[in-house]
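Written out below as structure tokens is the structure these notes cover.
When reading the values below, keep in mind they use all heavy atoms of this one structure, side chains included, and skip hydrogens, waters and symmetry mates.
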Amino acid sequence: MGGLKLPYSITRETHALEDRRTKEARDLEAQRVREAALQNYFQQVGELLIEKPLRRAGPGDNLSTVVRAQTLSVLEGLDPDRKRILLLFLYESGLIYARESVVSLAAANLSLANLSDANLYLANLIEADLSDADLSDAKLTRARLEGAGLSEANLSGAGLSEANLFEADLRIANLSDAVGLTDEQIDAADFLDDATVPNGQKYEDWLRARAAGRMGRTAALRNAP
């Protein structure tokens with residue numbers, strides 16, 4: 001006689017439980033690896049800040065090049081919250097200020113980063129990949145975002161006064177209620193297909209409304225006595 005067979009439903013539940021435990025174990029290991037990578041990065045860059053003249057280095061200098069390489073490498077494996085921690089570390093260490101930037105973040109993988117409410121005043125984010133990032137209510141006054149990839153980024157309520165958006169990719173980005181954003185800044189961006197502008201309109205509708213307004217003002221001036 002064969003052994004006792006468990007009902008199919010119990011077998012299925014057992015396999016599902018095992019799969020769930022395996023996934024949880026893998027997720028925990030991945031979190032451990034990410035945290036270890038981040039802490040190792042802090043230690044290495046922190047030593048350069050203390051023992052070497054890192055803050056006096058400029059883009060292209062040996063120290064700057066080393067830190068940039070470490071930064072790009074570590075960011076590739078980080079989750080959204082740890083990307084936030086790393087970026088704020090660079091900012092608060094004075095390494096990515098627009099006027100005296102030490103570490104270039106061009107091509108840095110900051111996609112999906114959780115940067116909501118972050119203070120990035122005067123930050124140098126030129127050509128950084130911020131696609132799908134959460135920048136809602138972030139303080140980006142006078143930040144340098146030239147050529148930055150901001151497609152599908154959430155910039156709702158962000159402070160963007162005097163931010164440089166020249167050739168930035170803002171496709172499908174949410175700029176609703178953004179503070180201080182001017183028509184000139186919007187015009188300077190490279191792509192804005194399906195983006196939502198500060199007044200809540202889609203970019204294409206906003207363009208048409210602006211053109212119609214200008215035509216109306218021109219006609220009114222022509223008809224003025």
Side-chain angles (χ1 to χ4, degrees), residues 27-151 153-155 158-169:
D27 289 344
L28 285 172
E29 177 61 16
Q31 291 286 346
R32 186 196 67 77
V33 170
R34 292 182 188 120
E35 185 62 25
L38 185 60
Q39 293 304 320
N40 185 54
Y41 173 86
F42 287 155
Q43 180 178 348
Q44 292 178 343
V45 178
E47 289 175 357
L48 293 176
L49 282 167
I50 295 169
E51 299 174 7
K52 302 288 184 180
L54 179 57
R55 286 192 181 87
R56 297 196 297 275
D61 292 353
N62 288 339
L63 279 177
S64 174
T65 300
V66 167
V67 174
R68 170 173 160 76
Q70 291 175 319
T71 302
L72 297 188
S73 177
V74 171
L75 280 171
E76 286 296 328
L78 296 185
D79 57 276
D81 289 331
R82 287 184 175 87
K83 287 182 179 182
R84 175 193 182 93
I85 294 169
L86 186 150
L87 185 64
L88 292 179
F89 167 77
L90 290 174
Y91 179 79
E92 291 168 6
S93 298
L95 299 177
I96 57 168
Y97 289 159
R99 291 176 179 170
E100 47 192 24
S101 181
V102 175
V103 179
S104 168
L105 291 177
N109 183 359
L110 290 163
S111 61
L112 297 170
N114 173 17
L115 300 171
S116 62
D117 295 301
N119 179 16
L120 294 168
Y121 170 78
L122 269 176
N124 182 351
L125 298 167
I126 295 174
E127 296 182 4
D129 177 10
L130 289 152
S131 56
D132 288 294
D134 183 2
L135 289 150
S136 57
D137 299 311
K139 299 171 182 64
L140 291 161
T141 300
R142 301 180 71 182
R144 297 194 63 180
L145 291 157
E146 300 103 294
L150 288 156
S151 60
N154 181 8
L155 289 147
L160 289 165
S161 297
E162 299 184 64
N164 192 334
L165 293 166
F166 180 68
E167 294 188 343
D169 182 353

Compile the donor-acceptor pairs under 3.5 Å between side chains in residues 134-147 and protein atoms, sequence neighbours left out, one pair per line.
residue, atom, partner, partner atom, Å
Asp134, OD1, Ser136, N, 3.1
Asp134, OD1, Ser136, OG, 2.7
Arg144, NE, Glu146, OE1, 3.4
Arg144, NE, Glu146, OE2, 3.0
Arg144, NH2, Glu146, OE2, 2.6
Glu146, OE2, Asn164, ND2, 3.4

- Query: If you count the non-hydrogen atoms of other residues, nucleotides and ligands that lie under 6.0 Å from CZ in Phe166, is the total more than 12?
  - Reply: no
- Beyond-backbone contact of Val74 with Asn40, side-chain heavy atoms, under 4.5 angstrom: no
The reported gap from CZ in Arg68 to CG in Leu95 (rounded to nearest 0.5 angstrom) is 13.5 Å
Here the gap from Ser111 atom OG to Lys83 atom NZ, rounded to the nearest 0.5 Å, amounts to 4.0 Å
Is the shortest side-chain heavy-atom distance between Ile85 and Leu38 below 4.5 Å? yes
| said: Strictly distance-based, threshold 3.5 Å: is any side-chain N or O of Arg84 a donor or acceptor partner for the main-chain N or O of Ser116? | reply: yes
Only one of Asn124, Leu87, Asp129 passes side-chain contact (heavy atoms from CB on, under 4.5 Å) with Leu105, and that residue is Leu87
One should read off an interatomic distance between Leu75 CG and Gln70 CD, to the nearest 0.5 angstrom, of 11.5 Å
Exercise. Are Leu86 and Leu90 close enough that some pair of their side-chain heavy atoms sits under 4.5 Å apart?
Worked result: yes
Rounded to the nearest 0.5 Å, the CG atom of Leu72 sits from the OG atom of Ser104 at a distance of 8.0 Å
Practice task
For the residue pair Gln31 and Asp79, establish whether any side-chain heavy-atom pair is separated by less than 4.5 Å.
Solution key: yes
Note: Pro80 and Leu112 closest approach over all heavy atoms is CB-O, 3.0 Å
Between Ser64 and Pro59, the two heavy atoms sitting closest are OG-CA, 3.6 Å
d(Leu110 CG, Thr71 OG1) to nearest 0.5 Å is 10.0 Å
- Message: Could you check whether any side-chain N or O of Arg55 sits under 3.5 Å from a backbone N or O of Val102, counting only pairs where one atom can act as donor and the other as acceptor?
- Response: no
Check: Do Glu35 and Arg32 sit within salt-bridge range, that is, some charged N less than 4.0 Å from a carboxylate O?
Finding: no
For Leu130 and Ala153, the nearest pair of non-hydrogen atoms, with its separation, is O-CB, 3.7 Å
Nearest heavy-atom approach of Ile96 to Val103 is CG2-O, 3.5 Å
Practice prompt. Taking Tyr91 for its side chain and Tyr121 for its backbone only, find out whether a donor-acceptor pair lies under 3.5 Å.
Written response: yes
Subject >> Plane angle bin for Phe89 and Phe42 - parallel if under 30°, tilted between 30 and 60°, otherwise perpendicular >> reply: tilted
Interatomic distance, CG@Asn109 vs OG@Ser73, rounded to 0.5 Å, equals 11.0 Å
